[in-house]
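What follows is a set of notes on a single structure, which appears directly below.
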Amino acid sequence: MGRVTGARLYRKLDVFIRRRLGPTNLRSGDGLLYWRERIFHYFSIGVLFIGLVVYLYLGLSFIKDAKFAYAIFSSFVFFSAVFATTVRSLPLKFRVSWILFLIYLIGVYSLLESNNSSLGYAFFISYALLSGILVGQKRAWMSVITIGITIAAIAMVLYTNILSVPFEASIPLKAYIKTSIIFLVIILVTLLPLVSLLNGLIFNLEKETRYRRLLRREHEDLTLAKRKAEESDHLKTSFLSNMSHEIRTPMNAILGFSNLLSHPDISTTEKEEFINLIRINGKNLLTLVEDIIDISKIDSGQLQIKNAPCKLHHVMMQVYESFLDDIKRRGLFNLKLYLKEGVSDENIRILTDEHRLKQILINLVGNAVKFTERGFIEFGYTQEDDQFLRFYVKDTGIGLPKGKENEIFDRFSKFNDDKERLYGGTGIGLSIVKHLVTLMGGEVWVESEPLVGTTFFFTVPYHRLAIPENFKEESKEPVREFNWEGKTFLVAEDEEDNFRYIEVALALSNASLIWARDGQEAVDVFKRIDGIDLVLMDIKMPLMDGYTATRQIKSLSKKVPVIAQTAYAMSEEKEKSREAGCDDYIAKPIGYDDLLSTINRFVPSNGH
């Protein structure tokens with residue numbers, strides 16, 4: 001029974017010590033602070049248990065001898081030590097400083113009581129050593145200076161009549177000085193290796209802490225890189241899946257309707273409808289390819305803005321008419337499209353990149369049409385000030401989830417969770433919009449509310465161009481009939497299908513065509529045959545590319561126009577073509593009207 005009671009008492013005492021005086025909550029290895037708190041923890045336990053015994057002995061002795069002032073002083077020292085060691089909510093620096101002050105105070109009292117007291121010197125040594133261990137080397141040296149000043153002050157109090165104190169010197173002044181000097185030498189001899197040891201420990205702990213911090217940072221960086229890699233892999237997988245869907249959808253229509261055109265039971269009206277659908281899906285596929293090219297240009301820093309005079313209302317009307325036809329074709333009878341122009345002058349001209357401005361509007365309006373089944377879509381612009389025009393595209397569609405307004409411009413971002421309806425798209429259109437607007441010197445943002453609608457805003461610099469009073473714009477009527485009878489065109493093209501397309505496109509113009517299958521053959525034909533009126537030059541060909549062939553042809557005759565026609569759609573290709581001597585540039589796929597109109601600028605049709 002006694003053993004059980006003793007074990008229970010021990011456990012209760014152990015729990016009390018761990019709860020009230022338990023080790024620090026800091027993680028192991030958190031640097032010098034961790035070790036100092038552990039040292040103070042165990043030192044506090046010793047102070048409390050030894051101090052309790054000493055306090056009871058001295059306190060009772062003082063009361064017995066009627067020394068009540070000493071009893072009060074000893075009570076103050078003991079209970080304040082208990083308070084500083086047990087109240088762990090107090091800052092460690094305050095707790096340590098208070099205990100050190102109490103040790104110093106006891107040392108002062110002991111020397112005043114008996115200036116030959118070994119106990120007083122012992123407390124002073126403890127004060128100096130603990131100052132170095134628990135606070136730092138600077139505090140250790142300050143404690144030595146403090147002890148020296150205190151010893152000198154005690155000598156002045158005890159051996160002079162400056163102050164009247166209830167203490168008397170117990171040894172001669174000479175002996176006191178000798179003892180004090182020996183004591184100070186002992187402190188210095190003791191502190192020197194201690195300070196050296198502390199410096200080494202502090203250096204190692206700081207180095208360990210620094211290494212831990214570096215390892216923690218590298219671990220965080222690796223974790224972040226891993227997460228980004230996983231997100232990137234997920235986005236790439238999603239992008240490839242979306243891209244496969246977006247490519248196969250128009251290709252299915254193109255190939256499917258192309259096969260149906262040869263069916264004998266298909267009427268002429270249906271064939272015209274199929275041809276129109278093939279053309280529409282071909283344009284959609286081309287837009288997708290151009291978006292991918294633009295993303296590549298953005299990543300490589302090659303996307304450039306080329307400002308030129310632009311008829312603003314003409315661009316807005318082109319976008320409006322194209323989507324109005326698209327809405328009608330889709331049968332969206334519950335959806336209305338509105339265009340609001342911010343300036344009444346229909347002939348307003350601004351300095352901007354017309355192609356990129358149109359691309360931004362097409363992306364935003366197309367996005368609105370995709371996510372709006374009923375209601376309206378309104379787009380237009382307002383003149384905010386003399387610096388910027390603010391464009392907007394407003395819809396009554398499904399809206400964006402809360403908090404996703406900024407993420408919508410991230411690449412591959414798609415936030416639709418509707419399982420009943422699949423919304424197409426690759427997730428790169430709005431990312432391209434953001435980069436284009438930024439390159440043009442403006443900014444883009446979005447305001448949205450779920451199930452209510454979304455409004456995209458973007459600004460572009462407003463540089464209005466003055467129109468001369470006598471300026472009269474030329475009306476360009478499209479020329480549908482061309483006659484190049486008696487004219488000879490050299491077509492440098494390594495792909496037979498591409499040459500066949502040009503041959504059929506020019507079949508009704510009565511022009512004579514000569515086919516060269518590579519650049520070297522084109523140069524040889526040009527040298528051998530006189531009277532060639534124009535050269536259609538492909539850029540990528542075997543044996544000799546189009547740039548080299550153009551330079552050699554231009555060296556033979558600068559009067560013969562050379563038109564580059566290539567599948568390279570990068571803007572720098574056009575510049576390289578002009579540097580090589582090409583007079584104009586047509587990017588594949590080549591439109592029928594564009595081909596004939598471009599040729600007509602250099603070789604006018606007979607009768608026009």
Side-chain angles (χ1 to χ4, degrees), residues 17 20-26 31-55 58-59 70 72-115 117-154 157 180 183-199 201-202 205:
I17 292 174
R20 304 302 302 172
L21 305 172
T24 175
N25 292 325
L26 294 175
L32 192 60
L33 181 63
Y34 168 80
W35 292 106
R36 281 175 173 163
E37 190 164 349
R38 286 188 66 88
I39 292 171
F40 181 75
H41 156 65
Y42 292 112
F43 172 73
S44 301
I45 295 176
V47 167
L48 287 181
F49 284 97
I50 297 175
L52 177 62
V53 175
V54 174
Y55 167 68
L58 292 178
Y70 293 162
I72 293 173
F73 172 75
S74 61
S75 299
F76 165 75
V77 171
F78 176 73
F79 287 111
S80 62
V82 172
F83 177 77
T85 53
T86 56
V87 181
R88 302 183 66 191
S89 59
L90 294 173
L92 176 64
K93 188 175 182 180
F94 172 80
R95 297 165 65 197
V96 169
S97 298
W98 186 253
I99 294 296
L100 291 176
F101 171 72
L102 293 178
I103 293 172
Y104 167 77
L105 201 61
I106 295 172
V108 172
Y109 167 78
S110 300
L111 280 183
L112 286 173
E113 181 70 22
S114 174
N115 57 336
S117 172
S118 58
L119 182 63
Y121 288 119
F123 272 100
F124 275 165
I125 290 178
S126 300
Y127 170 65
L129 294 178
L130 289 173
S131 295
I133 294 172
L134 296 177
V135 181
Q137 54 179 321
K138 290 183 180 180
R139 182 67 177 269
W141 296 119
M142 288 181 63
S143 67
V144 173
I145 296 172
T146 303
I147 290 171
I149 294 173
T150 303
I151 290 174
I154 290 174
V157 170
S180 300
F183 169 72
L184 291 174
V185 171
I186 292 173
I187 283 187
L188 291 174
V189 172
T190 306
L191 277 181
L192 281 173
L194 176 64
V195 169
S196 177
L197 177 63
L198 285 175
N199 283 334
L201 289 175
I202 290 172
L205 287 171

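Just so you know, these numbers come straight off a predicted model, no measurement behind them.
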Drop me the distance from Ile125's CD1 to Thr190's OG1, to the nearest 0.5 angstrom.
6.0 Å
If I take atom CD1 from residue Ile99 and atom OG from residue Ser80, how far apart are they, to the nearest 0.5 angstrom?
7.0 Å
Derivation of the side-chain contact (heavy atoms from CB on, under 4.5 Å) call for Ile187 and Ile147:
CA-CA 10 Å; Ile187 283 187; Ile147 290 171; 4.0 Å; yes
Heavy atoms of Phe123 and Gly107 approach each other most closely as CB-CA, 3.7 Å
How close do Leu100 and Arg139 get, counting heavy atoms only, and between which atoms?
CD1-NH2, 4.1 Å
Test side chain to side chain contact (heavy atoms under 4.5 Å, CB included) applied to Val108 - qualifying residues, sequence neighbours left out
Tyr104, Leu112, Phe124, Thr150
Which word best sums up how the rings of Trp98 and Phe101 line up, parallel for under 30°, tilted for 30 to 60°, or perpendicular for over 60°?
tilted
Evaluate side-chain contact (heavy atoms from CB on, under 4.5 Å) for Leu90 paired with Phe83, printing each intermediate quantity in order.
CA-CA 10 Å; Leu90 294 173; Phe83 177 77; 3.7 Å; yes
Distance (rounded to the nearest 0.5 Å) between Trp141 CH2 and Thr146 OG1:
13.0 Å
Suppose we screen for side chain to side chain contact (heavy atoms under 4.5 Å, CB included). Which residues come up paired with Ile72, at least two apart in sequence or across chains?
none
I'd like to know whether Ile151 forms a side-chain contact (heavy atoms from CB on, under 4.5 Å) with Leu184, so could you lay out the CA-CA distance, the side-chain angles of the two residues, the decisive distance to 0.1 Å, and finally the verdict.
CA-CA 10 Å; Ile151 290 174; Leu184 291 174; 4.3 Å; yes
Closest approach of Ala128 to Ser143 (non-hydrogen atoms, all atoms of both residues):
CA-OG, 3.4 Å
When Tyr121 is tested against each of Ser180, Ser110, Ser126 for side-chain contact (heavy atoms from CB on, under 4.5 Å), which residue passes?
Ser180
